[in-house]
Structures are given as structure tokens and as C-alpha cells.
Amino acid sequence: MTVRVGVIGAGMIGQDHIRRLTEVVTGARVTAVTDIDRARAAGVAARVGATALPTGADLTASPEVDAVLVTSWGPTHAEHVLNAIAAGKPVFCEKPLATTAEDCLNIVEAERAHGRRLVQVGFMRRFDAGYRQMKEVIAAGSIGAPLIVHCAHRNPTVPESYHSAMAAQDTAVHEIDTLRWLLDDEIVSAQVITPRATSKRFAHLKDPQLLYFETANGVRIDLEVFVNCQYGYDIQCETVGEEGQVRLPDPAAVGVRTAGRHGTAVLQDWKARFADAFDTEFREWIASVESGAELTGPSAWDGYAATVITNAAVKSLESDGTVVTVDMKPRPTLYGGTA
């Protein structure tokens, strides 16, 4: 069958995913689009032969929509995801699942009441080939028990609208989800330290930031978030175990030797770095929806956990580096827990 997808939110990321579903992924067709800007929704829908609908509720209720993709403004996510669950339709929600832990829990409870997973959250790094290879090495015990993880998340620049809390909420949140998955372990505390600030930042922004986490099994994680590094988009991750270490590979690039120098290009944005991961993410989501199989991507619980942990990090930032305990509810059995 062809999965008929309705898209809520026709901004940059929404249009990129529509392109992906239309041109890259097989087994899917975009049949409906809605956006707060109705003219934009109409234009995007016309390009792919879809119907422009007035609201997200109209789109979710449409008999022409089998599954929902939410790429709208973050504070609207909870409403749209809850509507999809109520309609019994699979829903892919770009991060964040919701902007508050309370709304995330409402989604978790609605999905539990439904009795099976319908929600997948857009943490695409779990679908990156390098991270998946790291996961296989760690899970196989090839480096022994993990002890320490070193990470860096660097952007060349950010706009003036980027504020200090976004280092956790919008940037580090990807590492937070990925590390929980890589280690199969839960983060129990967070601390944020601010070193000397770069002169390249806007005055209101604390940049760089050093985020420290501890897991339930005692693994210590350090994460450098530096969003005005100038030179490129650079993602690093190394896990040190009792018997070895595993490191995320840099993206493949040719080496150039000229004028007495040897170098390789550095990517400049996340779209180029994780293009293949996005494609794989949607191929696997559509395949699961098409077959009716249990979703295996990041769950509503993962969305909740990421929000609670980023909240703890922001609290630490705002309290001058205090170590903050992550106050997370017990994990329900629907998501592999015991509650």
C-alpha cells in the first residue's frame, strides 16, 4: 500500500520532509498540507498534488490521511500529536515532542491508553550510519563497560534570536537523546559550566557552554556546545570503555594537497551532515506504518526524557552551574519499563 501522509507545518523543515517523502522515500504520498500561513500551505500542496486544509485538526481527521507528520512551531506539537493519537493514526513529530514535561506526559498517557505506540519523535541521529556503528560496538561489549563519553557540538554561527537556554533545548538535546540510546542508560543529573565567552557571539549569549551529565550506571559525559566556532558544523563523540574506545567517524571527504598543505573540507550545516540519516529515518518510519509493525524509532517517552533532561540543564545554567537532579517519572511498560 501507499501511506498517505498529511503534513502539519510547511516551513523549511516541513518542505524538506515533503521533498523527502515525495522524491526519496518509496511507499509514501503527501496528500494534505496545512500551515498557519494558508497561502504557503496552498503553494506547497499544489507542487506535490496535495490538498491544502485549514487546520491541523482538519488534516488529522481527513479520510485521505493515514499518517501525520508534525513540523509546525514547537508549542503546537502537543495538540497535533494528541489529535493524531485520538484518531488512531501514526504520527511523526519533529523535536521537541512538546515544550513542557507536562505536555509530554499527557502524550505518553494518551498513547498508553491507546495501547500501542503511534508516536515517533524526530531525533534523526539514531539513523546515522556512524552512530549506529558505535551502538553496535558498545552493545557487543567490544570496548567493555562504558566509563566516559566525550562529545562536541559546534556550529559556525547562530542568529541573534538564539539565546543561552537553546544550547540545551535546541542543540544539546540531540546528544542527550543519542547518548541515552547509545549507552542504553538513563541520565540522572545535569550541570552546565560557562568558560570564557567567545568574542564572536551576540552579547546576550553564553557561548561556549560545557554540559556535564551522569547516568544511572555512573557513566560521566562531557559535552561542549560551541555555536559560534566560525569554522564549520562539527559533531564529535567518543566513548571510552574498560577495554577500548570507539569514536564517531568524521564525514567522508577527499584530502587535498596543494601549496604545501594537506586538508579536507568541513561541512557548514546540519542538513548536509545528516542528510542520509534523515532519509533513513523516513524510510524506516514509512515501512513500519505500511506494514503495521511496532514503531522502533525514538518514542514519546524519549521525547519526554529529552525535555526533562534539557530542563535540568537550563536550571543548572540559570543557577551558575549547580548540579541538578533529573526528576523523571518511572518508565511505563509500553516503552520497555516496569511502571
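- Proximity of Leu53 to Val33: side-chain heavy atoms (C-beta onward) are nowhere separated by under 4.5 Å.
- Tyr233 and Met166 end up in the same hydrophobic cluster when Ile, Leu, Val, Met, Phe, Trp and Tyr side chains are linked at under 4.5 Å.
- In plain terms, the two heavy atoms of Leu183 and Pro146 that are nearest each other are CD2-CB, 3.8 Å.
- Lys271 and Asp16 are not joined by a salt bridge, as no carboxylate oxygen comes within less than 4.0 angstrom of a charged side-chain nitrogen.
- Residues Val225 and Leu211 form a side-chain contact, since some pair of their non-hydrogen atoms from C-beta on lies under 4.5 Å apart.
- Heavy atoms only, all atoms of each residue included: Ala197 and Pro208 are closest at CA-CD, 4.4 Å.
- Within 6.0 Å of atom CD1 in Ile36, 12 or fewer heavy atoms from other residues, nucleotides or ligands are found, so the atom counts as exposed in its surroundings.
- Heavy atoms from other residues, nucleotides or ligands lying under 6.0 Å from CG of Asp37 number more than 12.
- Following chains of ILVMFWY side-chain contacts shorter than 4.5 Å, one cannot reach Val289 starting from Phe123, and the two form parts of different hydrophobic clusters.
- A salt bridge links Arg331 to Glu186: at least one charged side-chain nitrogen sits closer than 4.0 Å to a carboxylate oxygen.
- The closest donor-acceptor contact from the side chain of Ser316 to the backbone of Ala312 lies at 3.5 Å or more, if one exists at all.
- A continuous path of Ile, Leu, Val, Met, Phe, Trp and Tyr side chains, each step under 4.5 Å between heavy atoms, connects Met124 with Ile13, placing both in one hydrophobic cluster.
- For the pair Gln268 (side chain) and Val266 (backbone), a donor-acceptor distance under 3.5 Å is present.
- Here the closest heavy-atom approach between residue Ile235 and residue Leu248 is recorded as O-CD2, 3.9 Å.
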Stepwise salt bridge (Lys or Arg N to Asp or Glu O under 4.0 Å) check, Arg180 with Asp185: CA-CA 5 Å; Arg180 293 177 57 252; Asp185 199 358; over 6 Å; no
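- The only option from Thr60, Leu69, Val121, Val70 that meets the side chain to side chain contact (heavy atoms under 4.5 Å, CB included) definition with Val91 turns out to be Val70.
- Residue Ile107 comes nearest to Ala98 through the heavy atom pair CD1-CB, 4.5 Å, listed as atom of the first residue, atom of the second, then distance.
- In summary, Lys89 and Asp66 do not engage in a salt bridge, as defined by a charged side-chain N under 4.0 Å from a carboxylate O.
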Pair His150-Gln236, side chain to side chain donor-acceptor pair (under 3.5 Å): steps then yes or no: CA-CA 8 Å; His150 306 292; Gln236 301 292 330; over 6 Å; no
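- Under a 3.5 Å cut-off, the side chain of Tyr304 and the backbone N or O of Lys329 do form a donor-acceptor pair.
- Look at Asp207 and Arg201 and you find no salt bridge, because none of the NZ, NE, NH1 or NH2 atoms lies under 4.0 Å from a carboxylate O.
- Counting heavy atoms from C-beta on, the side chains of Leu210 and Leu223 never come closer than 4.5 Å.
- Atom-to-atom distance recorded for Leu205:CG and Ser161:OG is 10.5 Å, nearest 0.5 angstrom.
- Taking the six-membered ring where the residue is Trp, Phe282 and Trp285 present perpendicular rings, their angle passing 60° and hence far from 30°.
- Between the side chains of His153 and Glu224, no donor-acceptor pair of N or O atoms lies under 3.5 Å.
- Although no hydrogens or angles enter the test, the distance criterion places a donor-acceptor pair under 3.5 Å between the side chain of Tyr162 and the main chain of Ala167.
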Steps toward side chain to side chain donor-acceptor pair (under 3.5 Å) verdict (Gln15, Arg47): CA-CA 11 Å; Gln15 291 187 46; Arg47 289 202 298 270; 3.0 Å; yes
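- Within 6.0 Å of CG in Asp184 there are 12 or fewer heavy atoms belonging to other residues, nucleotides or ligands.
- Taking 4.0 Å as the cut-off between side-chain N and carboxylate O, Asp302 and Arg126 count as a salt-bridged pair.
- Counting non-hydrogen atoms of neighbouring residues, nucleotides and ligands closer than 6.0 angstrom, the NZ atom of Lys135 exceeds 12 such neighbours.
- A 4.5 Å side-chain heavy-atom check between Tyr212 and Ile193 finds at least one atom pair inside the cut-off.
- Between Val81 and Glu79 there is no side-chain heavy-atom pair separated by less than 4.5 Å.
- No donor-acceptor distance shorter than 3.5 angstrom exists from the side chain of His80 to the backbone of Ile8, with no hydrogens or angles considered.
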CA sep, side-chain torsions, deciding dist, call: Ile187, Ile176, side chain to side chain contact (heavy atoms under 4.5 Å, CB included): CA-CA 8 Å; Ile187 291 172; Ile176 287 168; 4.3 Å; yes
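- Counting heavy atoms from C-beta on, the side chains of Val25 and Arg283 come closer than 4.5 Å.
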Check against side chain to side chain contact (heavy atoms under 4.5 Å, CB included), Val149 and Cys237: CA-CA 7 Å; Val149 185; Cys237 182; 4.0 Å; yes
Test log, rule side chain to side chain donor-acceptor pair (under 3.5 Å), inputs Asn311 and Gln169: CA-CA 8 Å; Asn311 286 349; Gln169 295 168 334; 4.9 Å; no
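- Around the NZ atom of Lys315, the shell of radius 6.0 Å holds no more than 12 heavy atoms that belong to other residues, nucleotides or ligands.
- Arg125 and Asp177 are not joined by a salt bridge, as no carboxylate oxygen comes within less than 4.0 angstrom of a charged side-chain nitrogen.
- Ring geometry for His17 against Phe92 counts as perpendicular: the plane angle is over 60°, on a 0 to 90° scale with 30° as the lower cut.
- To the nearest 0.5 Å, atoms CZ (Phe226) and CG (Asp234) are separated by 11.0 Å.
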Lys206 vs Leu317, side chain to side chain contact (heavy atoms under 4.5 Å, CB included): CA-CA, chis, key distance, verdict: CA-CA 9 Å; Lys206 295 179 179 179; Leu317 173 70; 4.0 Å; yes
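- No donor-acceptor distance shorter than 3.5 angstrom exists from the side chain of Thr322 to the backbone of Val324, with no hydrogens or angles considered.
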Full working for side chain to side chain donor-acceptor pair (under 3.5 Å) between Arg117 and Tyr335: CA-CA 8 Å; Arg117 281 192 54 189; Tyr335 310 103; over 6 Å; no
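- When atom types are taken as modelled, the side chain of Gln230 and the backbone of Asn228 share a donor-acceptor pair closer than 3.5 angstrom.
- Summarising the local packing, CD of Glu102 is surrounded by 12 or fewer heavy atoms from other residues, nucleotides or ligands at distances under 6.0 Å.
- Put simply, Ile286 and Leu59 are part of two different groups of oily side chains (I, L, V, M, F, W, Y) that touch within less than 4.5 Å, one to the next.
- Here the side chain of His77 pairs a donor or acceptor atom with the backbone of Ser72 at under 3.5 angstrom.
- Under the 4.5 Å side-chain contact rule for hydrophobic residues, Tyr131 and Phe278 share a cluster.
- Between Ala45 and Thr51, the shortest heavy-atom contact is CB-C, 4.0 Å.
- Across every non-hydrogen atom of Val30 and Ala50, the tightest pair is O-CB, 3.5 Å.
- Between the side chain of Asp35 and the backbone N or O of Ala10, at least one donor-acceptor pair lies under 3.5 Å.
- Asp276 places no side-chain N or O within donor-acceptor distance of the main-chain N or O of Asp279, the cut-off being under 3.5 Å.
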Steps toward side chain to side chain contact (heavy atoms under 4.5 Å, CB included) verdict (Gln120, Ser299): CA-CA 5 Å; Gln120 181 163 319; Ser299 67; over 6 Å; no
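- By the 4.0 Å N-to-carboxylate-O rule, Arg132 lies close enough to Glu284 to be salt-bridged with it.
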